[in-house]
Structures are given as structure tokens and as C-alpha cells.
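Chain letters run A, B, ... following the sequence lines, proteins first and then strands; every chain starts at 1. Predicted model, so just to flag it, every value in this text is computed and none were measured.
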There are 2 protein chains.
Amino acid sequence: MSRPLRQPREELRQSILDAARGILDREGMEGLSARAIAREIDYTAATIYNVFSSMSDIVMEINRETLAEVALLFSALPKDLSAADRLRALSKSYVCFMQDNPARWNALFGGNRERESFPNWYTGTIEGLKLQLAHLLIEHAGDLDRVRAEKLAEHLFVSVHGALTLGVGRRLDLLTQRDTLDVAMSGVELILNSLTAEAGKL
Amino acid sequence: MSRPLRQPREELRQSILDAARGILDREGMEGLSARAIAREIDYTAATIYNVFSSMSDIVMEINRETLAEVALLFSALPKDLSAADRLRALSKSYVCFMQDNPARWNALFGGNRERESFPNWYTGTIEGLKLQLAHLLIEHAGDLDRVRAEKLAEHLFVSVHGALTLGVGRRLDLLTQRDTLDVAMSGVELILNSLTAEAGKL
DNA sequence: TGAATTATTGAACGCAGTTCATTAACTAGT
DNA sequence: ACTAGTTAATGAACTGCGTTCAATAATTCA
């Protein structure tokens, strides 16, 4: 077996990530292995460990890209909509993105976490998304203190997360005939309703 | 290596399940393997395949027990409480049960589903839990049609599921400082509030 | 006692992540 | 041009996984 031409480190790194991304999107998490990546880029599994120190580091790198895409999604909101409609649009595009990329979802949120601590780009991005949700909620219902807004944003995130977990894991049909987006969006409406109802009472 | 004494099929079956349950509770999903079970009951991995046709069948059998325990939890509600309080008690005991048995949770809801169809005891139990939730919601707010009650029950289940997924997967701290139970219960309160607020408006 | 049946097994297959000593290829110095 | 030193890539191995299967040991029956 002939040794492949040398590649600069950074280039090889990118080849590995490209291959990994491809396999992940094509065959899902269970198809992603060091040997599969090596096969694809015409190297040996051991070579991968000269660049990444573990498989989970590779997955983490893909997660970084995924989170960046999600953050982009969150930042690309039409400015002319009401806060409620922007929240709806946001939720919808998030759910659709994850539903269209189930393997990315599994890489990001599947299984129990292995790391004790997450890098800043990870925690920071999620914190940012949460704050953006909270901001939209405050804009939607002005009389809403920061703490409560964040709690509601957390609830929003959690309930959408539940719908996506069940949906992507193909277990939502155990509970309902509705599809993932429908379930997630009715959760959004529930929060919006609860805010307007409360505002009407005061 | 001496061959162990023969055990009647059913007895061996139970030994396997007992060992599996023990390993699962002790070491979690990643510790549960055919060889680990065999080690524990002093048989060989191959023997297990004379009794169960796959590892996932064993997990499925444990899931049956888990779901039975959950159903028991749901049926053991104090009758003297209000509907809202019973819903609260239910949610709390469900969340606590799963939080105390994270490996059971992972066995039940972790990873993507492998089976195309689930047995009746599986789908039926979950359907039953949902209907019980819907029933409590109707009792709490009389003017609530069946369809909407079921949708709310689904939302309740989904949002608690989201909290538990994040909590058991040890990812909830990415989103909030609150603990799993707190997050789940505030979701319950949100639903209860939205019902009473709506009732007050009409 | 010998034959048929049954339970259990060791060994293997293909896969996984990961490690490491060896080898091949390139670079710099003389 | 030749050598020494450095780096990149590798094959082979280790452990462990789910699973299969022909062979073996123990039991039952004629």
C-alpha cells in the first residue's frame, strides 16, 4: 500500500473534518468512525490520531460548526416582524434545521455528555441564544422582568428540545400523531398566549 | 473451566434480567454488555443468545419493567388533592423517579429508536399516561375539549421530557443554573396558569 | 448400554477506539 | 552527494463490543 502524498497539517485537518461531516450527514452517528474517515481520505485510522486526540474531538469540532450555523440562523431575522412573529420564525427555523440535519442534532445533543467542561464557544453560544429568546419575550410583553424572561426562555428552549429529541429519535409517534414542528410550535404559542393573557389580567 | 449447573430456562431468563438490571443501575448503559451479564451469572456470552435473541431485547424487557413502575407511580395518587395538585405530584414523582434512575431513562429514551414498531405494552402505557394527564387537565379546567386537553397533555409530556433529557444527559447546566425538577415543575405551572388565565378571560 | 436430545461453550467474525514502535520521506548541514 | 535528524504515516496490536455456530458435555430415553 503506497503512502499518500504529504499534506500540510491544516489541510489534513480540514480533510478529516470534511470527510467526517460527509459521513455524519450521509450515514449518521453510527456510521462515523475513525476507520471510515481514514478510508474516505485515503489515510489510516492511526493518522487521524496525529491530528485529533480522540473521535469525540472531531465530533466536537463539527458541533462547533453546527452551533455557528444555528447562531447564524438566529441572527438572520427579518426586522419588520413583530416580536412574537420573530420568535415564531426563530423557533420554526431552528426546528426545521435540526429536523433536516438529524445527525448534527445527535452529535450535538445525543447520548450523555462525556466532557466535564464545555469550551466557551459552546456554552457562550447557547447562552446567547437563550438571551435572544428572553429579549424577544420582553419585547413581546413589556412588563416582564429579566429573571422571569430568562426562565420563560429556558422553558421555551426546553420544550422545543423535548419535541426535537422525540422527533429526531423517532419516538414522537409514541405520544402523538402530530409532527415535530407542530408540537414544537404549539409550545411556542402556549408561551406567547400565557404572556398576553397575563398582560390582559394586570 | 467447569460448566455451571443447569438452570431451567425461565430461571436463567430471570438471572439474566436481574444481572442486566443490576449492571444497568450500577454502571449505566455503557457498562451493560452480553459479556458483563455472562460474567455476573457465571455463564458465557453465547448462552445469553440461547435465551434472548439480541441485547436490545434484554433492554426492551427492562424497559417493560420501568414503564410498569412508572404506570404504578401514576396510579398511586392521593385522591384528596385538587386536580392541579395531583398533576403536580404526578410530574414531580415522574421526574424524581427518572432522575434517580438515569440509566433506566437512557434505556427507555436514549439514542435513536432501533425498532420499527413497538409492542403494545409500550405504546399502550404511554398512551395511558397521556390520557391520565389529559383527564387531570380537564378536571382542572372544566371547559376544555378533549382534543385540546390531549394537546396540552402532549405539551406537558414533551416539555418534561425536554427537561429530563437535558438533566439526565447532564446538559441542563448549559442552559440554566436551575435543577431538573425546578425546570420541569415550572413548565407544569405554566400550563396550569395558562388554563386558569384562559378560564378567567372567558 | 447406546442413541438422541439438549444446554453450554470456545472460537471466530467484523466492528469499534486507541496506542505505539517501526518505517518511509523529507530537510538541513557538511 | 552523503549523512544525520526530524517528521508523517503506518501496520499491528490491544481491549471490548454484538453476534454466530460447529463442537462438546450433560442429560434423558429406549
Which donor-acceptor pairs under 3.5 Å do side chains of residues 45-55 of chain B form with protein atoms, sequence neighbours excluded?
| residue | atom | partner | partner atom | Å |
| --- | --- | --- | --- | --- |
| B:S53 | OG | B:D57 | OD2 | 2.8 |
| B:S54 | OG | B:S56 | N | 3.4 |
| B:S54 | OG | B:D57 | N | 3.3 |
| B:S54 | OG | B:D57 | OD1 | 3.4 |

Report all side-chain donor-acceptor pairs from residues 116-124 of chain B shorter than 3.5 Å, counting only partners two or more places apart or in another chain.
| residue | atom | partner | partner atom | Å |
| --- | --- | --- | --- | --- |
| B:E116 | OE2 | A:R170 | NH2 | 3.0 |
| B:Y122 | OH | B:L108 | O | 3.2 |
| B:T123 | OG1 | B:N120 | O | 3.4 |

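Proximity of B:T44 to the phosphate of C:dT8: no side-chain N or O atom is located under 4.0 Å from OP1 or OP2.
Bending across the helix from C:dT1-D:dA30 to C:dT30-D:dA1, expressed as the angle between its end axes from five pairs apiece, amounts to 40° (10° rounding).
Counting only residues at least two apart or in different chains, side chain to side chain donor-acceptor pair (under 3.5 Å) contacts with residues 150-161 of chain A comprise A:K130-A:E154, A:E154-B:T176, A:E154-B:R178. Note on residues 30-41 of chain B: pairs passing side chain to side chain donor-acceptor pair (under 3.5 Å), not counting sequence neighbours, are B:R26-B:E40. Here salt bridge (Lys or Arg N to Asp or Glu O under 4.0 Å) pairs that include residues 99-110 of chain B, with residues two or more places apart or in two chains, are B:D25-B:R104, B:E69-B:R104.
By the salt bridge (charged side-chain N to carboxylate O under 4.0 Å, His left out) test, A:R113 is found to be paired with B:D173, residues two or more places apart in sequence or in another chain being considered. Residues forming a side chain to side chain contact (heavy atoms under 4.5 Å, CB included) with B:D18 (at least two apart in sequence, or on another chain): B:Q14, B:R21. For A:P78, the side chain to side chain contact (heavy atoms under 4.5 Å, CB included) criterion is met by A:D80, A:L81, not counting sequence neighbours.
At whole-Å resolution of the value, CD in B:Q7 and C1' in C:dA7 are 12 Å apart. Spacing between atom CD1 of B:I48 and atom P of D:dT20 amounts to 13 Å, rounded to whole angstrom units. Between A:Y49 atom OH and D:dA12 atom P the separation is 19 Å, expressed in whole Å. Between the CG atom of B:D42 and the P atom of C:dG10 there is a distance of 11 Å, given to the nearest Å.
The environment of CD in A:Q177 is sparse: at most 12 heavy-atom neighbours from other residues, nucleotides or ligands sit within 6.0 Å. By the neighbour-count criterion of 12 heavy atoms within 6.0 Å, atom CZ of A:R115 is densely surrounded, having more than that number from other residues, nucleotides or ligands.
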Decide yes or no on side-chain contact (heavy atoms from CB on, under 4.5 Å) for A:L195 and A:H140, but give the supporting numbers first.
-> CA-CA 8 Å; A:L195 277 179; A:H140 176 68; 4.1 Å; yes
Decide salt bridge (Lys or Arg N to Asp or Glu O under 4.0 Å) for B:D85 and B:R88; before the verdict, give the C-alpha distance in whole Å, the side-chain angles of both, and the deciding distance to 0.1 Å.
-> CA-CA 5 Å; B:D85 279 343; B:R88 290 188 183 99; 2.6 Å; yes
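Nearest to the side chain of A:R39, among C:dT9, D:dG18, C:dA16, sits C:dA16.
Of the residues in residues 27-36 of chain B, B:L32, B:S33, B:A34, B:R35 come within less than 4.0 Å of DNA chain D through at least one heavy atom, sorted by number. For residues 53-66 of chain B, proximity to DNA chain D is found at B:S54, B:M55, defined as any non-hydrogen atom under 4.0 angstrom from a strand atom. Annotation: proximity of residues 9-23 of chain A to DNA chain D (heavy atom, distance under 4.0 Å) is found for A:R9, A:L12, numbered in ascending order.
Positionally, the nearest nucleotide of DNA chain C for B:T47 lies more toward the 5' end than for the other of B:T47 and A:N50.
Ring geometry for B:F157 versus B:Y94: interplanar angle of 30 to 60°, hence tilted.
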